[in-house]
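Bear in mind that the values here come from a model prediction, so they are computed numbers and not experimental data. Each residue takes its place number in the sequence, starting with 1.
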Amino acid sequence: MLYDSELAAGHRSTRVSGTYTPRDALRRLLSGTGLIVRYSRTDAAIITRPGAIEQPPLVPLGRVVVRERIAPPRFLSVERLTYYAQLESELHAHLVSSERTGRLAFSVLVHLQVSSDGRLSDVAIRRSSGNRKTDALVAEALLRATVSPPPDGLVQPLAVALRGARRADQR
């Protein structure tokens, strides 16, 4: 359906309730507005004024593909928190299983980016463990980690609190 928005300015359609064919429903919607419908095909309509200069028939141009960037939907706090918990768990498991960080005791706050394929980048320690060497080892291990990709629309960078504890069987 095509119409010039200026034609519709100042007009209010009537309410249509019930079961009608599309043509009949459209005719009823426009009743009393001074506008009419002209059909260029059985499934294509143009809203116009009576007596408007007759336009030549529309010529199909073939297939037209329209692409637009659609803002990702905002997801609920529950979904965001679920992803954060999953991310924290995956990062913790990676650090514990790493030969270089598995034995370290630390508590850090890390800011990082997670790509659509789950790779980490821009890893920055924002609250240090108090030991530069430990912080560097944690950051280095995180850059080698791959995690679940983030949901669309997640604002990054992410802040993740991570802790490592020396196991009792290690000295």
Side-chain angles (χ1 to χ4, degrees), residues 1-95 97 108-127 139 141-163:
M1 181 177 337
L2 297 174
Y3 68 94
D4 182 347
S5 60
E6 289 181 18
L7 274 177
H11 292 288
R12 188 168 178 92
S13 67
T14 57
R15 184 172 181 219
V16 175
S17 179
T19 305
Y20 302 98
T21 66
R23 283 182 180 229
D24 196 29
L26 186 55
R27 185 180 53 76
R28 288 172 183 264
L29 270 173
L30 295 176
S31 69
T33 64
L35 301 175
I36 61 168
V37 179
R38 294 186 194 259
Y39 290 92
S40 57
R41 293 191 330 229
T42 58
D43 62 348
I46 299 170
I47 296 176
T48 188
R49 285 192 182 112
I53 298 173
E54 194 65 39
Q55 298 289 327
L58 297 177
V59 177
L61 298 176
R63 181 177 175 183
V64 176
V65 177
V66 177
R67 290 192 174 109
E68 69 177 297
R69 186 178 181 137
I70 298 173
R74 292 183 179 248
F75 50 102
L76 303 172
S77 296
V78 171
E79 294 168 312
R80 186 174 51 246
L81 292 175
T82 299
Y83 179 73
Y84 290 161
Q86 179 181 355
L87 176 64
E88 186 176 3
S89 174
E90 290 174 6
L91 292 175
H92 183 265
H94 179 76
L95 292 171
S97 67
V108 294
L109 178 65
V110 181
H111 284 203
L112 50 82
Q113 298 267 353
V114 182
S115 68
S116 60
D117 63 355
R119 293 187 186 160
L120 303 181
S121 64
D122 300 329
V123 174
I125 304 292
R126 294 300 169 124
R127 187 181 66 224
L142 291 175
L143 285 169
R144 286 182 289 200
T146 301
V147 296
S148 298
D152 288 340
L154 184 68
V155 177
Q156 297 194 54
L158 303 174
V160 183
L162 297 168
R163 294 177 193 259

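- Shortest non-hydrogen contact noted between His94 and Ala141 is NE2-O, 2.9 Å.
- Within the 4.5 Å cutoff, side-chain heavy atoms of Leu91 are placed close to those of Leu112.
- The structure places OG1 of Thr14 at 6.0 Å from CG of Leu29, a figure rounded to the nearest 0.5 Å.
- Interatomic distance, CG of Leu30 versus CD1 of Ile47, reported as 5.0 Å (0.5 Å rounding).
- For the atom pair Gln156 CD and His111 NE2, the distance stands at 12.0 Å (nearest 0.5 Å).
- Every salt bridge (charged side-chain N to carboxylate O under 4.0 Å, His left out) that Arg119 has, sequence neighbours left out, goes to Asp117.
- Using a 4.5 Å heavy-atom threshold, the side chains of Leu142 and Leu162 count as touching.
- No option in Thr146, Leu154, Asp122, Val147 other than Val147 meets the side-chain contact (heavy atoms from CB on, under 4.5 Å) test with Val114.
- Between Pro150 and Ser116, the closest heavy-atom pair is CD-CA, 4.5 Å.
- Note: Leu95 CG to His92 NE2 = 7.5 Å, rounded to the nearest 0.5 Å.
- Annotation: Arg27, atom CZ; neighbour count of heavy atoms from other residues, nucleotides and ligands within 6.0 Å is above 12.
- Evaluation of the side-chain contact (heavy atoms from CB on, under 4.5 Å) rule for Ile36 yields Arg38, Thr48, Pro50 as partners, not counting sequence neighbours.
- Thr33 places none of its side-chain heavy atoms less than 4.5 Å from the side chain of Arg12.
- Contact between Glu88 and Ala161 at its shortest, heavy atoms only, is OE2-O, 3.1 Å.
- Taking both residues in full, the closest heavy atoms of Ser121 and Leu143 are given as CA-CD2, 4.1 Å, listed atom of the first, atom of the second, then distance.
- Of all non-hydrogen atoms in Ser148 and Tyr83, the two that sit nearest each other are O-OH, 2.7 Å.
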